[in-house]
Amino acid sequence: MQSDCQACPLRRDGLCASVADEQLPSWAAIKRPVRTIRAGASLFVEGDENEMVYIVRRGWALASMMHENGRRQVLRFVMPGNLIGFERGPDGDMPCTVEALTDLIVCPMPRHSLMRFCQQVPNVALRMASLLAAETISDWRLLGGLGTRTAAERIARLLLALYNRQRQRTAPDISDVTLPISQVLIADATGLTPVHVCRTLKEMRTAGLLSFAKGHLRVLDWMRLTELAEMNDATAPQPLAKQDVSLPLTNPRDRGRLSQDFRKPLLNSPGVGAIHVMDSSNRSASK
C-alpha cells in the first residue's frame with residue numbers, strides 16, 4: 001500500500017518539506033510500500049548491495065561499522081525525518097550497518113528514482129544536500145572529539161546532542177526525555193568501555209549535571225553541562241533556564257568558576273567523587 005504523503009506526520013519535516021503540494025503525486029509515485037523493521041533487526045548491513053534510500057517515518061535506528069579488532073563504532077543515531085542509505089562506498093556497497101533500536105517505519109525509494117526526481121525538482125536536491133551536510137557536520141562534532149576529549153566531555157556532548165534533537169521533536173521546554181539507548185551504545189559511540197561509561201555517568205549524576213538511567217535522561221544543570229560539552233550555543237528549555245536551588249551552587253555568578261572546578265577532578269581523575277564540585281563552604285560543612 002502506498003503511503004499517504006499528505007497525511008504523513010513528516011509532511012512538513014525533513015526532505016518531504018521541500019516537496020510542494022502539487023508535486024506530491026509524483027513524489028508518492030517513486031516510493032515503495034512503507035516498511036516496518038522490528039527493534040533489533042537490520043535495515044541493511046555493512047557490505048550489502050542496496051539500491052534503496054529510506055526516509056525514517058517513525059522510530060530510532062543507529063548506523064555503525066565494525067573495526068578490525070571486532071569493536072563496533074556507532075556513527076549516528078537516526079530519528080524520524082532522517083534520510084538513510086544514500087551513502088555508498090566506492091564499490092557501491094553500503095559502508096555501514098543500520099539497525100533498528102525501536103520498531104522502525106521507513107519509506108523506501110529507489111536511488112535512481114530519487115536522483116531523477118531531484119533533477120526535475122532542484123529545490124528537493126538542494127534540501128537533500130543541506131540535510132546531509134548538517135548530519136555530516138553533526139557527526140564530525142561527535143566523532144572528531146573522540147581522540148581529544150575526556151570521557152565526561154564525550155558523554156556530555158553525545159547526550160546533550162540527542163537531548164536537543166529529541167526535545168525538538170516532542171516539546172521544546174522539557175527537562176526529561178526518553179532515549180532508547182543503553183550504556184553499551186553510549187560506549188560504542190564514544191570509544192569508551194561500558195564500565196567507564198557507567199562510572200562517569202555516576203560521577204556526573206553526583207556532581208549534579210545529569211541523570212541517565214534505563215534510557216531516561218534528565219538534565220540537572222544546563223549551564224554547566226553545555227559548558228562541559230562545549231555546546232554553549234544550545235538553547236536552554238524554559239524550565240532549565242531558571243536556577244535549580246537543589247544544586248550545590250546557589251550563586252549564579254559562580255557557575256563559570258564551578259564548571260572549571262568540576263572539569264579538573266572529574267575529567268582528569270577517574271573515580272573522584274562529588275566533593276570536588278562543592279565550594280569551600282560546602283566542603284567544610286561536609287566534613
Side-chain angles (χ1 to χ4, degrees), residues 3 5 8-19 27-28 30-46 48 50-65 72-89 94-111 113-115 117-118 123-143 157-172 177-181 185-186 188-189 215 217 234:
S3 63
C5 292
C8 177
L10 297 178
R11 174 66 187 97
R12 303 301 176 186
D13 191 14
L15 185 61
C16 296
S18 61
V19 180
W27 179 246
I30 71 172
K31 293 184 178 181
R32 296 294 183 263
V34 170
R35 284 186 58 190
T36 298
I37 297 90
R38 297 302 178 189
S42 296
L43 184 59
F44 52 78
V45 177
E46 182 178 354
D48 280 354
N50 175 55
E51 293 300 326
M52 290 290 177
V53 178
Y54 306 89
I55 297 176
V56 178
R57 186 168 181 173
R58 183 180 302 168
W60 279 53
L62 66 84
S64 65
M65 62 182 298
R72 178 175 65 174
Q73 176 64 58
V74 172
L75 304 173
R76 176 184 306 166
F77 289 94
V78 181
M79 298 184 188
N82 288 160
L83 186 72
I84 51 178
F86 185 78
E87 307 90 341
R88 285 197 300 187
M94 302 310 297
C96 64
T97 296
V98 170
E99 176 187 341
L101 292 177
T102 66
D103 287 350
L104 195 69
I105 299 178
V106 297
C107 294
M109 59 186 72
R111 184 188 309 272
S113 298
L114 175 61
M115 298 302 294
F117 188 89
C118 288
N123 61 304
V124 174
L126 292 174
R127 175 68 170 169
M128 183 168 66
S130 176
L131 292 172
L132 293 175
E135 290 182 2
T136 300
I137 292 172
S138 177
D139 295 343
W140 285 349
R141 288 176 175 172
L142 291 175
L143 297 175
R157 196 168 185 85
L158 173 66
L159 291 181
L160 195 56
L162 295 177
Y163 171 85
N164 284 332
R165 291 174 63 186
Q166 181 73 325
R167 71 184 180 94
Q168 288 172 1
R169 305 204 60 84
T170 53
V177 296
T178 299
L179 306 176
I181 63 174
L185 290 180
I186 294 175
D188 289 346
L217 172 65

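What's counted below: heavy atoms across the whole structure, side chains too, no hydrogens, waters or symmetry copies. Nothing fancy with the numbering, it's 1 onward along the sequence.
When all heavy atoms of Gly59 and Val56 are compared, the closest pair comes out as O-CG1, 3.8 Å. The shortest heavy-atom contact between Val34 and Arg57 is CG2-NH1, 3.8 Å.
At least one side-chain heavy atom of Ile55 sits under 4.5 Å from a side-chain heavy atom of Cys16. In this structure, the side chains of Asp188 and Ile186 stay at 4.5 Å or more apart for every pair of heavy atoms. Contact of the Val124 side chain with the Phe117 side chain is registered, since non-hydrogen atoms from C-beta on lie closer than 4.5 Å. Residues Met52 and Met109 are not in side-chain contact: their nearest non-hydrogen atoms beyond the backbone lie 4.5 Å or more apart. A 4.5 Å side-chain heavy-atom check between Arg76 and Ser138 finds every atom pair outside the cut-off. A heavy-atom distance below 4.5 Å is found between the side chains of Leu132 and Phe86.
In this structure, Arg58 has no side chain to side chain donor-acceptor pair (under 3.5 Å) partners at least two apart in sequence or on a different chain. Residues satisfying the side chain to side chain donor-acceptor pair (under 3.5 Å) criterion with Asp48, sequence neighbours excluded, are absent altogether.
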* Before giving the answer on salt bridge (charged side-chain N to carboxylate O under 4.0 Å, His left out), spell out for Glu51 and Arg88 the whole-Å C-alpha distance, their side-chain angles and the decisive distance to 0.1 Å. => CA-CA 10 Å; Glu51 293 300 326; Arg88 285 197 300 187; 3.2 Å; yes
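The CD1 atom of Ile105 sits 8.0 Å away from atom CG of Asp103, with the distance rounded to the nearest 0.5 Å.
Residue Leu62 is tested with Val78, Leu185, Thr97 for a side-chain contact (heavy atoms from CB on, under 4.5 Å); the sole match is Leu185.
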